[in-house]
Amino acid sequence: MTGLSTLLIVVGLFLVGGIISFVKQKMPTSLIVLLSLAAGLCLVAGVMRLQVWN
């Protein structure tokens, strides 16, 4: 694992925690969707950068 892939995965998991918090606080749906997209992109980018695939 490289440092960047680890960072992207950690940021993605942090954003997932934010999604859970925002849902509990009944924040606007558009904000939750935007945060979900950002979390998904971070997690996918982090997993794709892993050196496991070679």
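All of these numbers come straight from a predicted model, not from anything done at the bench.
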Nearest heavy-atom pair of G12 and A39: which atoms, and what distance?
O-CB, 3.9 Å
In short, S5 meets G46 closest at the heavy-atom pair CB-O, 3.5 Å
Is there any side-chain hydrogen bond (donor to acceptor under 3.5 Å, both in side chains) pair reaching into residues 15-40, and which pairs are they, with sequence neighbours excluded?
S21-Q25
Return the CG to CG distance between L15 and L41, rounded to the nearest 0.5 Å.
10.0 Å
Looking at residues at least two apart in the chain, or sitting in another chain, which of them share a side-chain contact (heavy atoms from CB on, under 4.5 Å) with F14?
none
Only counting residues at least two apart or in another chain, list the ones meeting side-chain contact (heavy atoms from CB on, under 4.5 Å) with V44.
M48
So if you build clusters from Ile, Leu, Val, Met, Phe, Trp, Tyr with side-chain heavy-atom gaps below 4.5 Å, do L35 and V23 land together?
yes
If Ile, Leu, Val, Met, Phe, Trp and Tyr residues are connected whenever their side-chain heavy atoms lie under 4.5 Å apart, and connections chain through other members, are L31 and L37 in the same group?
no
Hey, which of L4, I9, L7 is the one that makes side chain to side chain contact (heavy atoms under 4.5 Å, CB included) with R49?
L4
Identified side chain to side chain contact (heavy atoms under 4.5 Å, CB included) partner of L43 from the options V10, V16, L8
V16
